[in-house]
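In what follows, chains carry the letters A, B, and so on, assigned in the order in which the sequence lines appear, proteins first and then strands, with residues in each chain numbered from 1. Reckoned from all heavy atoms, side chains included, excluding hydrogens, waters and symmetry mates.
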There are 2 protein chains.
Amino acid sequence: METRELKYFVAVAEELHFGRAAERLGMAQPPLSRAVQQLERRLGVRLLERNRRGVALTDAGEVLLREGRATLDAATAAARRTRRAGGADNLSGERTRLVLAVKTAAAHELLQELLDAYAAEPDAAEVEVLQCGMCDQEARLRDGSADVALMHVPFNSLAGFDSEEIMTENQFAILPAGHPLAARENLSLADISDVPGLPPARWPRHGIYPPGPGPEIRDQTQLAQLVALGRTVAAVPDSARAWLWPEHAAVPLADAPPVVTHIAWPAHSRSTALACLVRTAVRLASSR
Amino acid sequence: METRELKYFVAVAEELHFGRAAERLGMAQPPLSRAVQQLERRLGVRLLERNRRGVALTDAGEVLLREGRATLDAATAAARRTRRAGGADNLSGERTRLVLAVKTAAAHELLQELLDAYAAEPDAAEVEVLQCGMCDQEARLRDGSADVALMHVPFNSLAGFDSEEIMTENQFAILPAGHPLAARENLSLADISDVPGLPPARWPRHGIYPPGPGPEIRDQTQLAQLVALGRTVAAVPDSARAWLWPEHAAVPLADAPPVVTHIAWPAHSRSTALACLVRTAVRLASSR
DNA sequence: CCCTGTGATACCTACCGGGTATCACAGCGA
DNA sequence: TCGCTGTGATACCCGGTAGGTATCACAGGG
């Protein structure tokens with residue numbers, strides 16, 4: 001099975017429309033139809049149900065969409081990492097460079113400490129910090145844009161990665177300063193899940209937003225502004241206190257699950273620079 | 001990057017010889033040379049060092065070998081799982097079939113209980129048990145031959161999989177019955193690591209055998225026989241008591257790390273049958 | 001000094017991936 | 001009822017390229 005065919009199938013499966021998929025791929029529709037048919041023939045499996053008005057995925061198609069995306073990610077990651085290994089690093093003794101994906105503005109302090117501690121290591125590599133939106137450190141790690149990431153369980157999923165736990169925090173509720181609930185000593189998740197006129201913010205889980213009335217959040221600035229405007233409420237980890245606005249109020253959440261920050265990297269990574277960074281992070285965690 | 005090119009490169013990187021690699025791939029040597037050159041050109045990176053007598057991997061080549069294997073595994077897994085999803089399952093209401101990879105003869109009892117408990121579930125699928133050698137449940141899971149596996153940390157690595165812990169056991173030393181050490185009440189790892197005439201057995205870690213004087217073990221029968229013959233000694237988990245021979249002696253190991261059995265599956269798997277099996281396993285674990 | 005074994009090059013062919021033009025068909029509105 | 005529209009499939013052509021064979025260039029070793 002060639003990655004070309006896989007790319008084509010994934011495009012069609014995502015668009016559920018040959019014409020649009022072909023356009024997205026920068027090609028004409030007929031060869032795309034043919035390529036997908038050929039893939040079906042090769043696998044001996046019907047992937048798409050063509051009902052005269054559009055296209056639907058079969059069960060097998062669902063499977064291939066999921067597994068195919070993973071395969072394509074693996075391929076682009078392989079290419080990217082190989083290029084990086086051969087490009088800067090090999091020539092003229094330039095040092096290995098590590099790309100660390102972080103959720104923008106999450107856990108500043110920890111990040112700062114980690115970078116400082118790592119820089120002090122004798123064989124430290126240069127670390128480039130790649131800032132991500134609410135949840136796409138996972139994707140960056142999977143497609144090879146990053147070598148290592150700081151992830152926050154349960155917001156991120158560690159599935160498919162190696163990881164070490166480095167910090168646990170409680171959560172608090174972030175509310176508009178003037179709101180009645182802001183005066184409370186304590187809140188529970190139930191208290192903030194159904195406040196009239198203050199729908200809880202939603203962020204993507206595995207790339208899609210859960211249903212609900214609240215606004216869809218892509219980054220923390222957006223969240224900060226919406227809370228300040230009195231449009232939403234959210235649960236955030238302690239380290240978020242660093243970026244609170246005067247218009248915000250913070251109230252401890254008694255029953256929210258703790259947020260556990262992990263340092264995560266692609267399974268089977270074997271770079272010594274990475275191993276050193278992880279070691280530093282673990283040491284830091286145990287000394288806090 | 002096409003899987004074809006990747007397959008070619010991996011073959012060459014493994015053989016370190018274009019001729020043999022070409023033979024293994026069932027093609028002539030010149031087009032293989034050309035394909036690898038083209039891959040190097042496309043990536044803009046030198047992958048192989050051709051010194052007139054054979055071939056060596058560059059650093060970038062090492063990276064691509066590792067990542068490329070992962071990509072190829074993902075691709076074959078995608079094809080296999082898609083075929084399975086479309087083949088038996090979709091037609092005529094036949095039930096989903098789960099393939100469970102286990103280390104042959106490891107943790108019988110647990111396996112038996114798990115299969116029984118799962119079969120009693122209302123929406124249980126048929127479970128096929130795939131018996132593996134010492135350590136290749138990981139490979140089976142990665143290449144799509146299996147959907148789920150019982151793995152034994154620290155013998156197996158869970159890197160890249162989702163998993164749940166279901167059993168913890170201590171280890172004991174398994175020795176020839178007549179051996180002086182067999183009379184001891186307790187042993188330590190140090191005691192059995194350097195016994196004259198009784199080199200400790202070795203099994204593969206990530207596909208390769210660690211160096212040492214002891215015999216290379218592929219399955220438990222082999223180990224059993226070698227111990228009975230007075231050729232080797234090994235540390236094995238408690239559940240292995242089930243298959244001890246009269247010629248064997250078992251002595252508790254005070255300082256060996258516990259063996260933790262996990263149920264593991266490919267990250268992001270979403271089959272309901274699998275979820276049910278995992279739930280059953282976890283329930284079983286907590287009730288033991 | 002030639003023979004052997006290595007990977008690279010030259011050149012040809014056949015296949016196939018991609019394009020354009022067109023078809024077959026379902027739904028829909030006049 | 002008859003086009004009209006939008007869908008994916010088919011027919012056919014062309015060029016690039018994957019693969020083959022023959023050969024080269026070169027390092028080591030007898």
Q. Going through the distances and angles, do B/D147 and B/R84 end up as a salt bridge (charged side-chain N to carboxylate O under 4.0 Å, His left out)?
A. CA-CA 11 Å; B/D147 302 301; B/R84 288 239 321 270; 2.7 Å; yes

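- As judged by a 4.0 angstrom heavy-atom cut-off over every strand, A/Q38 is placed among residues touching the sugar-phosphate backbone only.
- We find that CZ of B/R50 is positioned 19 Å from P of D/dA25, with the value rounded to whole Å.
- Using a 4.0 Å heavy-atom cutoff across all strands shown, B/E2 reaches no nucleic acid atom at all.
- Rounded to an integer number of Å, the gap from CG of B/L25 to P of D/dA18 is 15 Å.
- For the residue pair B/Q29/B/S33, the side-chain donor-acceptor check at 3.5 Å is satisfied.
- Remark: side-chain polar atoms of B/E40 are paired, donor with acceptor, to backbone N or O of B/L47 under 3.5 angstrom.
- For A/P30, whose side chain is taken as the heavy atoms from C-beta onward, the closest listed nucleotide among D/dG19, D/dG8, D/dT10 is D/dT10.
- The distance between atom CG of A/L32 and atom P of C/dT20, rounded to the nearest whole Å, is 14 Å.
- Under 4.0 angstrom from either OP1 or OP2 of D/dG8 there lies no side-chain N or O belonging to A/Q37.
- Rounded to a whole Å, the CZ atom of A/R46 is 12 Å from the C1' atom of D/dA9.
- Between B/V127 and B/V99, the closest side-chain pair of non-hydrogen atoms is not below 4.5 Å.
- Between B/S33 and the phosphate of C/dG7, there is no side-chain N or O to OP1/OP2 separation shorter than 4.0 Å.
- Residue B/Q29 places none of its side-chain N or O atoms closer than 4.0 Å to OP1 or OP2 of D/dT21.
- In this model, the phosphate group of D/dG8 is approached by a side-chain N or O of A/H17 to a distance below 4.0 Å at OP1 or OP2.
- Screening B/R24, B/K7, B/R20 for a salt bridge (Lys or Arg N to Asp or Glu O under 4.0 Å) involving B/E14 leaves a single residue, B/R24.
- Rounded to whole Å, atom P of C/dT6 lies 19 Å from atom CD of B/E49.
- No donor-acceptor pair closer than 3.5 Å links the side chain of B/R81 to the backbone N or O of A/L64.
- A donor-acceptor contact closer than 3.5 angstrom links the side chains of A/E2 and B/T3.
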Protein and nucleotides 12-14 of chain D: nitrogen or oxygen contacts under 3.5 angstrom:
{"residue": "D/dC12", "atom": "N4", "partner": "A/R34", "partner atom": "NH1", "Å": "3.4"}

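- Atom C1' of nucleotide D/dT7 and atom CZ of A/R20 are separated by 11 Å, given to the nearest angstrom.
- Residue A/R41 contributes atom CZ, which lies 9 Å from atom P of D/dT10 at whole-angstrom precision.
- Along DNA chain C, the nucleotide closest to A/M27 and the one closest to B/L16 are compared, and the more 5′ of them pairs with B/L16.
- Atom-to-atom, CD of B/E40 to C1' of C/dA8 comes out at 12 Å; the value is rounded to the nearest Å.
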